[in-house]
Amino acid sequence: MRLRANDVQEARFPVTLRGYAEDEVDALLSLVIETLHEHEARDAAARAEIDRLRSELDECRQALVDENLAALRKLHRESEARMRALLGDALMRAEQILEEVRQSG
């Protein structure tokens with residue numbers, strides 16, 4: 001079980017025959033409560049920052065994926081265009097060779 005500020009704040013101690021210095025105990029408990037509140041606030045702020053950073057990281061990852069995908073698509077289009085050009089050149093050269101063979105034969 002985690003100790004929370006409210007747990008300390010709600011704690012009650014019975015006074016026994018010997019008793020205790022109530023003011024001193026109350027002062028210490030107040031300090032403990034204040035310290036726990038500070039830790040709880042820092043913990044909440046840290047968790048919020050972690051969530052914010054996770055979200056930012058997810059956005060960055062998605063942006064990188066999108067950029068890489070766009071780059072790959074562009075590269076694919078360029079490669080396909082180059083391949084078609086080379087194939088066209090090869091077909092023209094093949095026709096030229098066939099024509100030369102026909103003329104020489």
Side-chain angles (χ1 to χ4, degrees):
M1 178 178 112
R2 279 186 76 202
L3 182 64
R4 293 172 296 169
N6 288 344
D7 298 329
V8 176
Q9 201 165 15
E10 293 171 0
R12 296 292 172 250
F13 303 95
V15 178
T16 62
L17 202 57
R18 291 186 174 181
Y20 62 91
E22 192 172 339
D23 291 343
E24 289 180 28
V25 172
D26 288 345
L28 178 61
L29 288 177
S30 291
L31 180 60
V32 170
I33 290 168
E34 183 181 324
T35 302
L36 286 172
H37 277 304
E38 289 171 4
H39 285 288
E40 289 168 359
R42 276 194 298 246
D43 183 58
R47 289 177 189 278
E49 180 68 1
I50 288 169
D51 289 343
R52 186 191 69 76
L53 290 171
R54 279 187 178 140
S55 177
E56 190 175 319
L57 180 60
D58 288 343
E59 289 172 11
C60 288
R61 284 179 177 153
Q62 188 58 52
L64 284 173
V65 166
D66 293 344
E67 288 173 18
N68 287 332
L69 189 56
L72 286 172
R73 285 181 177 148
K74 180 181 176 192
L75 182 60
H76 179 261
R77 285 191 304 272
E78 291 170 353
S79 297
E80 193 173 64
R82 182 69 180 135
M83 181 184 67
R84 288 178 196 269
L86 289 172
L87 184 57
D89 291 347
L91 286 173
M92 284 181 18
R93 183 63 186 134
E95 287 176 12
Q96 288 174 350
I97 292 171
L98 284 174
E99 186 59 33
E100 290 172 6
V101 168
R102 284 186 198 126
Q103 288 178 1
S104 67

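Predicted model only: the values in this text are computed from it and were never measured.
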Minimal non-hydrogen separation, Glu40 against Ala5, with atom names: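 Scanning both residues, the minimum pair turns out to be OE2-N, 2.9 Å.
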Non-neighbouring partners of Asp58 that pass salt bridge (Lys or Arg N to Asp or Glu O under 4.0 Å), sequence neighbours left out: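 Salt bridge (Lys or Arg N to Asp or Glu O under 4.0 Å) check on Asp58 returns Arg61.
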Test salt bridge (Lys or Arg N to Asp or Glu O under 4.0 Å) applied to Arg77 - qualifying residues, sequence neighbours left out: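 Salt bridge (Lys or Arg N to Asp or Glu O under 4.0 Å) list for Arg77, sorted by chain: empty.
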[X]: partners by side chain to side chain contact (heavy atoms under 4.5 Å, CB included), with sequence neighbours left out:
X	result
Glu100	Arg93
Glu34	Glu38
Arg102	Leu98, Glu99

Residues Arg4, Asp7; criterion side chain to side chain contact (heavy atoms under 4.5 Å, CB included); working and verdict: CA-CA 5 Å; Arg4 293 172 296 169; Asp7 298 329; 3.6 Å; yes
Charged N-O contact under 4.0 Å between Glu56 and Arg52: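 Yes, Glu56 and Arg52 are salt-bridged.
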Test: Arg47 and Asp43 ion pair at under 4.0 Å: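 Answer for the salt bridge query: yes.
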Salt bridge (charged side-chain N to carboxylate O under 4.0 Å, His left out): pairs with one or both residues in residues 21-33, sequence neighbours excluded: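 Sorted pair list comes back empty.
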Check: Leu75 main-chain N/O paired with Ser79 side-chain donor or acceptor under 3.5 Å: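 Side chain of Ser79 to backbone of Leu75, a donor-acceptor pair under 3.5 Å: yes, one is there.
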Matching residue for Val8 among Leu28, Leu31, Thr35, Val32 - test: side-chain contact (heavy atoms from CB on, under 4.5 Å):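 For Val8, the side-chain contact (heavy atoms from CB on, under 4.5 Å) test succeeds with only one of Leu28, Leu31, Thr35, Val32, which is Val32.
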Point-to-point distance, once rounded to the nearest 0.5 Å, from CG of Leu69 to CD of Gln62: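 It is 9.5 Å, given to the nearest 0.5 Å.
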Inter-residue atom distance Leu29.CG - Ile33.CD1, 0.5 Å rounding: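 Leu29 CG to Ile33 CD1: 6.0 Å, rounded to 0.5 Å.
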Over 12 foreign heavy atoms within 6.0 Å of CZ, Arg42: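 For Arg42, atom CZ is crowded (more than 12 foreign heavy atoms under 6.0 Å).
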Asp51 and Arg54: CA distance, side-chain angles, deciding distance, side chain to side chain contact (heavy atoms under 4.5 Å, CB included) verdict: CA-CA 5 Å; Asp51 289 343; Arg54 279 187 178 140; 4.2 Å; yes
